[in-house]
Number of protein chains: 2
Amino acid sequence: MEKRRANSSDRQSSEKTEAILAGAMQEFLAGGYAATTMDRIASAASVSKATVYSHFQDKETLFIALIERLAQEKFRGAFNSPDPQMLEKEPEIALRCLAANMLDTSQTHLLDFIRIIIGESGRFPALARAFVQHIEKPVHDEVRQYLASRAELKLADPDSVAQIIIGTLVHFSIVHHVLQSSDILPVERDRLIDNLITLITIQPEKSRTCQSQG
Amino acid sequence: MEKRRANSSDRQSSEKTEAILAGAMQEFLAGGYAATTMDRIASAASVSKATVYSHFQDKETLFIALIERLAQEKFRGAFNSPDPQMLEKEPEIALRCLAANMLDTSQTHLLDFIRIIIGESGRFPALARAFVQHIEKPVHDEVRQYLASRAELKLADPDSVAQIIIGTLVHFSIVHHVLQSSDILPVERDRLIDNLITLITIQPEKSRTCQSQG
DNA sequence: GTCTATACCGCGATAGAC
DNA sequence: GTCTATCGCGGTATAGAC
């Protein structure tokens with residue numbers, strides 16, 4: 001980590017900007033918009049409050065900039081399956097991998113992000129729509145495209161089935177990790193994935209028996 | 001301004017309490033916890049701020065009392081199907097009715113309630129768990145019990161299928177009515193219900209022996 | 001650009017009259 | 001119990017030194 005000996009107002013400002021955004025992310029995701037103070041953001045970023053205001057016009061501007069940045073950079077593709085080779089296997093395997101991956105990546109800060117998007121959707125409806133546009137929609141398109149590419153699944157409406165998959169997994173993640181109620185609802189992760197994939201892959205004409213992963 | 005000549009501490013207090021809770025509901029559901037002020041609650045209830053404090057210890061106590069009351073009274077059974085006679089029809093019909101009813105009743109204030117439960121789940125985790133306990137879980141139990149009672153559906157795990165139904169519908173409601181993104185995701189309500197019910201009710205000709213874990 | 005210090009206001013909560 | 005009026009704190013945002 002190198003530091004210029006010359007003018008302190010060098011290209012430090014971009015580093016400060018990043019620090020402010022990082023501090024703002026930490027505070028906003030933890031407490032929501034109204035409960036987060038500019039003092040705490042400045043403290044989390046290790047800068048003064050005036051510095052925050054020199055980089056962002058006001059609290060609302062900072063919040064919008066942060067959320068849009070997170071939607072377009074950090075969490076875009078958060079649900080993507082890491083191994084495209086997996087998609088060439090049998091649909092049962094590929095879908096199971098995709099579902100497991102969605103639930104795993106959800107356990108990061110993405111669920112805090114979803115919580116604040118939902119929680120602030122009344123005050124910032126445009127950000128809620130940007131979330132669907134840049135995060136939910138790409139996942140939906142990817143899943144739908146995969147489902148449609150597998151003709152042997154014989155799905156009449158891949159769009160709807162994609163919605164069922166994503167809805168099931170997102171709802172599961174919210175109940176378990178946002179609402180922290182794993183002990184109240186009885187269904188565990190792997191059981192739910194098994195049954196979800198089975199519903200989709202086992203078709204009337206095929207009469208196949210289900211083999212569970214061991 | 002009419003006033004009782006007798007003791008002013010009549011049974012007016014309970015009416016005031018109801019007015020305060022109604023005002024608090026309106027304000028909290030619209031703005032969330034931190035952004036809502038006691039002044040606005042008092043104004044919405046048409047009482048003075050001191051009166052609010054004479055009925056509730058502080059803002060947090062009022063919020064908790066309101067949310068617990070809503071969970072146990074107003075929104076309990078919000079998803080219940082209004083016509084129990086419907087359950088005796090064919091499963092396709094009954095499930096379709098149940099799904100449509102869930103999406104209809106969701107369009108009331110219940111989704112504002114879900115939004116604040118999710119949004120404040122970091123600050124009030126106990127309320128989030130109470131929501132799952134008193135609202136989500138009863139719906140889950142009802143759906144699971146119905147699915148299990150219909151042996152012809154041959155469902156290996158009614159618990160998981162109930163989760164898939166509820167997850168699909170709740171996620172749909174959140175995307176459309178909370179995140180206000182009906183135009184971004186392509187699947188409409190009836191199409192989604194059709195495909196969801198079809199996945200569940202149309203079974204392979206041979207019996208399904210899928211079980212993931214004992 | 002970055003800091004310290006501050007102006008200004010609104011919020012939660014209370015005091016005291018009635 | 002209910003009101004008006006107020007206190008004290010902490011919030012956003014800014015001024016001015018460096």
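Below, chains carry the letters A, B, ... as their sequence lines are ordered, and counting in each starts from 1.
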Heavy atoms under 4.0 Å is the rule here; annotate nucleotides 8-14 of chain D 5' to 3' with B where the base is hit, S where only the sugar-phosphate is, and - elsewhere. ---SBBB
B:Ser54 side chain N/O closer than 4.0 Å to the phosphate oxygens (OP1, OP2) of D:dG1? no
Counting just side-chain N and O atoms, does B:Ser48 come under 4.0 Å of either OP1 or OP2 of D:dC3? yes
Rounded to the Å, how far apart are B:Ile20 CD1 and D:dG1 P? 11 Å
Mind jotting down which residue pairs meet the salt bridge (Lys or Arg N to Asp or Glu O under 4.0 Å) criterion with at least one end in residues 174-187 of chain B? Sequence neighbours excluded, please. A:Arg129-B:Asp183
Assess the residue pair A:Glu188 and A:His176 against the criterion (side chain to side chain donor-acceptor pair (under 3.5 Å)); give the C-alpha distance rounded to whole Å, side-chain angles, the decisive distance to 0.1 Å, and a yes or no. CA-CA 10 Å; A:Glu188 307 88 359; A:His176 282 242; over 6 Å; no
Pairing of B:Arg144 and B:Asp157 as salt bridge, 4.0 angstrom limit: no
May I ask you to decide if A:Arg191's main-chain N or O and A:Asn195's side chain share a donor-acceptor pair within less than 3.5 Å? yes
Answer yes if the ring centres of A:Phe63 and A:Phe56 are under 6.0 angstrom apart, and no otherwise. no
